[in-house]
Amino acid sequence: MMRSVAFIIFSIAVVALLLKLSWWQINRADEKQRLQSQIHHRQQTVITDLAQLPIEPLWHSITLEGEFDNQHPILLDNQLYRGRPGYHLYLPFMSQQQRVLVNIGWIAAPPYREILPTLPQLNGHQIIHGVIAPAQQLLQFKPDAADGQWPLRVQNIGLDWLTQQLQQPLLPWVIQISTSSPIALIQTWQPVVMGPKKHYGYAMQWFLLAIAVVLLCLWWLRRERTA
């Protein structure tokens, strides 16, 4: 009797956990769906004047004129493309007397860690098109040890810390350059890494596992009763 009660309690706990995971995935899917709708809506508006930024500038399309600061490139480490390690190249862009980091795209890493890739020189007046996006960071920002040499190789795009290294203020977001831009490198950045369909798929998997546990519990109790 005690064994049956313990098994039932354990099964209820497992089913509750699986249903909670399923519900969490559904909520994540809904969040991703809203984000995709927001991105699509905001990208219809193109910003050309930094003095007229909306209160929520993220995900708006943007077109700016200015010049790149080729002396202070930033390499975001641990960026894979088709299984090959590389970096995302960020360059400060000076426009309308302000600076903003621009993600130019993916560049392959040399075979040896101590060697840095050869970077493109984007000289002269430039017109860039892209999307305003949040800075790419991992779970927690930890500043890298800076030796004062450029390019900087970093694990996160921490804008406050990079402002200190540049000794110039940066806008509190970055520009992900358009894939159609002639200066764009390989584009691997995605605003939504995992779409809502995958979350719904995971939710269904957790839900089916919960059903399987219930059926297994009923089968075991029936077997115990007949025994």
Side-chain angles (χ1 to χ4, degrees), residues 1-45 54-61 76-88 103 105-106 108-109 130-142 154-159 172-179 186-227:
M1 181 64 180
M2 290 298 296
R3 188 172 70 163
S4 297
V5 172
F7 183 76
I8 291 173
I9 294 174
F10 174 76
S11 299
I12 291 174
V14 171
V15 170
L17 176 61
L18 293 174
L19 291 177
K20 184 177 180 180
L21 289 171
S22 179
W23 184 249
W24 178 74
Q25 289 289 352
I26 290 174
N27 287 333
R28 290 289 292 158
D30 291 342
E31 290 175 6
K32 295 293 182 66
Q33 190 69 55
R34 289 194 296 270
L35 178 58
Q36 285 186 339
S37 298
Q38 184 184 70
I39 291 173
H40 177 74
H41 175 72
R42 291 188 177 183
Q43 286 185 354
Q44 308 307 308
T45 304
I55 297 176
E56 295 291 341
L58 292 182
W59 312 121
H60 284 279
S61 297
L76 180 62
D77 206 352
N78 300 316
Q79 304 300 309
L80 293 177
Y81 175 66
R82 296 182 177 176
R84 184 175 179 181
Y87 305 93
H88 277 181
N103 184 357
W106 183 87
V131 175
I132 298 175
Q136 188 171 348
Q137 294 191 16
L138 299 177
L139 295 179
Q140 183 178 5
F141 174 69
K142 295 181 179 179
V154 301
Q155 304 298 322
N156 296 271
I157 300 299
L159 294 176
W173 34 262
V174 302
I175 295 177
Q176 300 290 340
I177 202 163
S178 172
T179 55
I186 296 172
Q187 297 298 297
T188 64
W189 174 83
Q190 294 179 335
V192 179
V193 177
M194 184 184 295
K197 288 185 178 179
K198 283 192 175 181
H199 285 290
Y200 285 128
Y202 289 140
M204 180 60 69
Q205 289 179 11
W206 290 122
F207 182 73
L208 292 176
L209 276 175
I211 293 177
V213 171
V214 170
L215 295 176
L216 179 62
C217 178
L218 293 174
W219 171 83
W220 187 88
L221 290 173
R222 182 178 180 181
R223 193 188 69 169
E224 286 291 299
R225 186 176 300 173
T226 55

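In terms of heavy-atom proximity, A133 sits nearest to W173 at O-CB, 3.4 Å. Nearest heavy atoms, P134 versus V174: O-CG2, 3.7 Å. The shortest non-hydrogen separation linking A135 to I157 is CB-O, 3.3 Å.
To the nearest 0.5 Å, the span separating CD1 on I177 from CH2 on W189 amounts to 12.5 Å. Atoms CZ and CE, on F207 and M204 in that order, are 7.0 Å from each other to the nearest 0.5 Å. With values rounded to the nearest 0.5 angstrom, L216 atom CG is found 7.0 Å from S11 atom OG. In this structure, L17 CG and W206 CH2 are separated by 7.5 Å, a value rounded to the nearest 0.5 Å.
With sequence neighbours excluded, the residues that form a side chain to side chain contact (heavy atoms under 4.5 Å, CB included) with V15 are L19, A210, V213, V214. Residues meeting the side chain to side chain contact (heavy atoms under 4.5 Å, CB included) test with W24, sequence neighbours left out: R28.
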Inset, instruction - For side chain to side chain contact (heavy atoms under 4.5 Å, CB included), just list the numbers for D77 and V154, CA-CA rounded to whole Å, side-chain angles, deciding distance to a tenth of an Å, and then say yes or no. - result: CA-CA 6 Å; D77 206 352; V154 301; over 6 Å; no

Inset, instruction - Start with the C-alpha gap between Q187 and N103, add the side-chain angles, then the distance that decides, and say whether side chain to side chain contact (heavy atoms under 4.5 Å, CB included) holds. - result: CA-CA 9 Å; Q187 297 298 297; N103 184 357; 5.8 Å; no

Inset, instruction - Take W59 and I132 through the test side chain to side chain contact (heavy atoms under 4.5 Å, CB included) and record every step on the way to the result. - result: CA-CA 5 Å; W59 312 121; I132 298 175; over 6 Å; no

Inset, instruction - Step by step, work out the side chain to side chain contact (heavy atoms under 4.5 Å, CB included) result for Y200 and D30. - result: CA-CA 9 Å; Y200 285 128; D30 291 342; 2.8 Å; yes

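Applying the side chain to side chain donor-acceptor pair (under 3.5 Å) test between T188 and each of R82, H88, Q79 identifies H88 as the sole match.
Counting only heavy atoms from C-beta outward, the side chains of P85 and L80 approach each other to under 4.5 Å.
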